[in-house]
Enquirer: 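Below is the structure I would like to discuss, written out as structure tokens.
By convention in this document, chain letters (A, B, ...) are assigned in the order of the sequence lines, proteins followed by strands, and residues within each chain are numbered from 1. None of these values were measured; they are calculated from a predicted model. Scope of the values below: all heavy atoms of this structure, side chains included, with no hydrogens, waters or symmetry mates.
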There are 2 protein chains.
Amino acid sequence: MRRPTLEAVAARAGVSRATASRVVNGQTTVAPDIRDAVLRAIDELGYVPNSAARSLVTQRTDSIALVISEPGTRVFSDDPWFAMAIRSASVELEEANKQVVLMLASNAKSHARVERYIAGGHVDGVMLISMHGADPLPSALSRLRVPVVSYGRPAVPVNIPYVDNDNLGGAEAGVRHLVEQGRRRIATIAGPQDMIAGQDRLAGYRKVLRDSDLRSIVAVGDFTRESGAIAMRQLLGDDPSLDAVFVANDLMAVGALQSLRLAGRRVPDDVAVVGFDDIEAAKYTEPPLTTLRHPVIEQAAAMVRLLLSLFEGGPAEPVILPTELVIRESA
Amino acid sequence: MRRPTLEAVAARAGVSRATASRVVNGQTTVAPDIRDAVLRAIDELGYVPNSAARSLVTQRTDSIALVISEPGTRVFSDDPWFAMAIRSASVELEEANKQVVLMLASNAKSHARVERYIAGGHVDGVMLISMHGADPLPSALSRLRVPVVSYGRPAVPVNIPYVDNDNLGGAEAGVRHLVEQGRRRIATIAGPQDMIAGQDRLAGYRKVLRDSDLRSIVAVGDFTRESGAIAMRQLLGDDPSLDAVFVANDLMAVGALQSLRLAGRRVPDDVAVVGFDDIEAAKYTEPPLTTLRHPVIEQAAAMVRLLLSLFEGGPAEPVILPTELVIRESA
DNA sequence: ATGGGGTGAGAGAGCGCTCTCTCAAGAGAT
DNA sequence: ATCTCTTGAGAGAGCGCTCTCTCACCCCAT
């Protein structure tokens with residue numbers, strides 16, 4: 001026994017298929033009593049429109065691809081913001097009655113699949129989460145005739161509207177806080193330099209140090225705890241007298257705290273630490289982490305709004321959200 | 001200019017639409033030269049099959065709903081396993097050429113939407129992640145005529161095959177480890193008792209204590225760090241002489257460690273701590289956490305295989321994966 | 001030369017829906 | 001009483017694809 005069709009609903013309600021369709025799609029040109037008869041038939045039969053048939057004729061799919069273009073290992077590994085961004089975007093999209101198709105583009109093969117899928121018109125729009133400079137996907141997708149928005153400024157200049165947080169300003173605020181605390185040997189653990197967030201946060205650090213006539217001491221990590229721990233050991237070797245470190249994300253800061261502890265440095269007495277992201281774990285480090293909060297949830301929501309407005313032919317202006325310094329005990 | 005259709009491909013290759021369709025779908029009853037001609041036409045036109053039209057006739061969609069039935073705040077908040085499970089499932093499904101439709105069912109309204117969507121035949125199957133006893137979704141979905149598999153044993157007995165890890169055995173191993181270390185006042189911070197994982201891990205704790213003739217001391221949390229910290233304070237108040245605590249997940253263990261630190265207890269000297277899950281953060285606590293590892297990635301992959309085998313009419317036996325005690329410094 | 005079997009390709013009917021076009025019926029204007 | 005206009009509902013043409021049926025053709029056995 002197959003699912004009831006619009007035809008069946010129409011038959012039961014004693015009207016034509018066209019009228020039943022009008023009721024389903026909420027058109028107003030249907031007399032109230034007929035409308036009720038159709039609604040009753042729908043209810044009795046448990047009718048649900050067949051979306052394949054519908055999108056075949058409307059050329060819309062009411063679904064949005066959420067493309068995460070990152071090596072699988074890093075994504076999700078346990079950086080919470082990916083998950084938060086996905087959740088927030090999902091909630092907002094469901095609010096707008098769009099389905100979310102999740103696509104992971106972790107390598108060349110899956111890149112090709114994603115491109116083919118998008119080109120195939122399976123979705124009405126694309127939300128792209130890609131933080132890597134070398135990623136070919138943003139430019140590839142921007143060539144397709146599909147609305148695309150990006151979470152985070154695309155590394156290569158490409159005509160895709162995006163939503164990002166103020167990495168530069170946030171980093172400046174964090175480092176300035178260290179300067180104001182009287183710290184003079186301020187190092188940084190930078191993020192990967194093929195990522196915009198990595199670049200911008202390092203640039204913010206450099207700018208403040210230059211303005212304060214302080215020497216910069218840089219180690220580079222890849223945003224994982226492990227890399228933060230390694231980078232911190234390296235910095236301590238390079239300059240044992242450092243008295244502060246600005247870490248480009250909280251996960252690396254957690255690793256850095258561990259290295260500092262193992263090296264016998266007290267935080268913040270000997271070395272002050274500022275992180276970036278304000279993940280939940282930042283409250284539970286020893287000591288709790290001073291860090292820069294940026295609104296992941298709002299950023300994802302703003303991205304959804306941007307995409308929806310694109311559908312309406314609205315403006316495609318990038319959105320930059322502010323960051324906020326959260327002072328705890330580490331600095 | 002719209003997308004090329006099969007008709008266009010057929011015309012360019014000088015064959016009928018049916019033959020072009022045969023080539024696209026890899027049927028073997030096409031002569032090699034004609035096949036090549038069609039493939040060339042496809043390539044030249046950049047043809048991509050219209051999935052709506054295809055699934056209209058095949059009655060398949062090649063997509064799978066990944067339904068996460070949890071209050072939004074808890075999901076993803078920063079428990080990494082949700083994200084890991086999603087990633088792993090996605091990778092496996094993409095391998096099998098299925099699309100992943102992500103659906104969040106956080107409240108009654110979204111439950112209804114999910115049910116409607118599934119009932120609407122938009123997907124070929126459902127992977128359900130639901131850890132709550134009171135959740136009506138498992139039974140609701142099991143009534144629909146759609147293959148459903150569950151991540152984690154459904155709380156209400158319902159005819160859905162599932163994949164789970166050995167919560168009971170894992171908890172037993174963890175508590176037994178504490179007993180073997182000579183601990184005698186062993187408390188537990190249990191998980192929420194409306195969740196199977198919470199129940200089973202508590203049951204494992206109880207069983208070992210009973211077998212060892214020790215008294216149980218129980219506080220209940222909700223699997224968040226915060227609740228772990230609160231529960232630990234409470235346990236210390238209830239019985240200041242406790243010398244070990246088995247915590248039902250690592251996130252709560254992190255909170256418990258913080259409370260122990262604030263209370264001036266040394267870990268593991270004064271109080272030994274065992275967690276559960278072996279999240280990445282467990283390596284970075286002070287001291288690093290002894291915990292029970294369970295294979296989230298494999299579990300998700302097994303769930304996908306289970307669903308795919310269901311499509312083939314294969315067996316629907318639940319799968320239980322083992323856990324492993326990882327000994328670090330906290331116990 | 002005839003018939004049977006196998007192979008490769010085309011014709012055409014739908015899958016379930018939307019939407020334009022058409023038309024009937026009744027209200028109001030002349 | 002006739003005509004125009006509005007409103008409500010039906011007819012029917014597709015959307016792009018798959019798949020069954022049908023048939024043309026060639027090879028080999030008789």
Enquirer: With a 4.0 Å limit, can you tell me whether Thr19(B) has a side-chain N or O closer than that to the phosphate oxygens OP1/OP2 of dG10(C)?
Expert: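 So the side-chain polar atoms of Thr19(B) do come within 4.0 Å of the phosphate oxygens OP1 or OP2 of dG10(C), strictly under.
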Enquirer: dG8(D) P sits how many Å from Arg22(A) CZ, rounded?
Expert: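 Taking atom P of dG8(D) as the reference, CZ of Arg22(A) is at 10 Å.
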Enquirer: Check the distance between dC15(C)'s P and Arg3(A)'s CZ and give it to me in whole angstrom.
Expert: 14 Å
Enquirer: Roughly, in whole Å, what's the span from CD in Gln59(B) to P in dG16(C)?
Expert: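 These atoms are roughly 6 Å apart.
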Enquirer: Let me know the distance between OH of Tyr47(A) and C1' of dT18(C), rounded to the nearest Å.
Expert: 10 Å
Enquirer: Between Lys98(B) and Asp62(B), is the closest basic N to carboxylate O distance under 4.0 Å?
Expert: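 A salt bridge is present here (some side-chain N lies under 4.0 Å from a carboxylate O).
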Enquirer: So, does Asn50(B) get its side chain near the phosphate of dC15(D), meaning an N or O under 4.0 Å from OP1 or OP2?
Expert: no
Enquirer: Please state how far atom CG in Leu45(B) lies from atom C1' in dG16(D), giving the value in whole angstrom units.
Expert: 15 Å
Enquirer: Say whether Ser16(B) and Thr19(B), considering side chains only, have a donor N or O and an acceptor N or O under 3.5 Å apart.
Expert: yes
Enquirer: In this structure, how many angstroms lie between the P atom of dA9(C) and the CG atom of Asn25(B), rounded?
Expert: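 Answer to the nearest Å: 16 Å.
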Enquirer: Hey, does the side chain of Ser16(B) come within less than 4.0 Å of dG10(C)'s phosphate (OP1/OP2), counting only N and O?
Expert: yes
Enquirer: Considering every strand and a 4.0 Å limit on heavy-atom distances, what is the contact class for Val30(A): base, sugar-phosphate, or nothing?
Expert: sugar-phosphate
Enquirer: Check the surroundings of atom CG in Asn107(B): do more than 12 heavy atoms from other residues, nucleotides or ligands lie under 6.0 Å from it?
Expert: yes
Enquirer: Is the closest basic N to carboxylate O distance between Arg113(B) and Glu95(A) below 4.0 Å?
Expert: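 So Arg113(B) does not pair with Glu95(A) through a salt bridge.
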Enquirer: Here's a test of your reading of the structure: between Ala53(A) and Ala31(B), which maps to the more 5' nucleotide of DNA chain C?
Expert: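 First, find each residue's nearest nucleotide; the 5'-ward one identifies Ala31(B).
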Enquirer: Are Asp135(B) and Ser69(B) close enough that a side-chain donor and a side-chain acceptor fall under 3.5 Å?
Expert: yes
Enquirer: Rounding to a whole Å, what distance do you find between Leu56(B):CG and dG14(C):P?
Expert: 14 Å
Enquirer: Can you tell me the distance, in whole Å, between the CG atom of Leu6(A) and the C1' atom of dA11(D)?
Expert: 14 Å
Enquirer: Quick one: is dC17(D) close enough that its OP1 or OP2 comes under 4.0 Å of any side-chain N or O from Ser21(B)?
Expert: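 Indeed not, no polar side-chain atom of Ser21(B) lies that close.
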Enquirer: Just call it for Val15(A): base, sugar-phosphate, or nothing, with non-hydrogen atoms closer than 4.0 Å on any strand.
Expert: sugar-phosphate
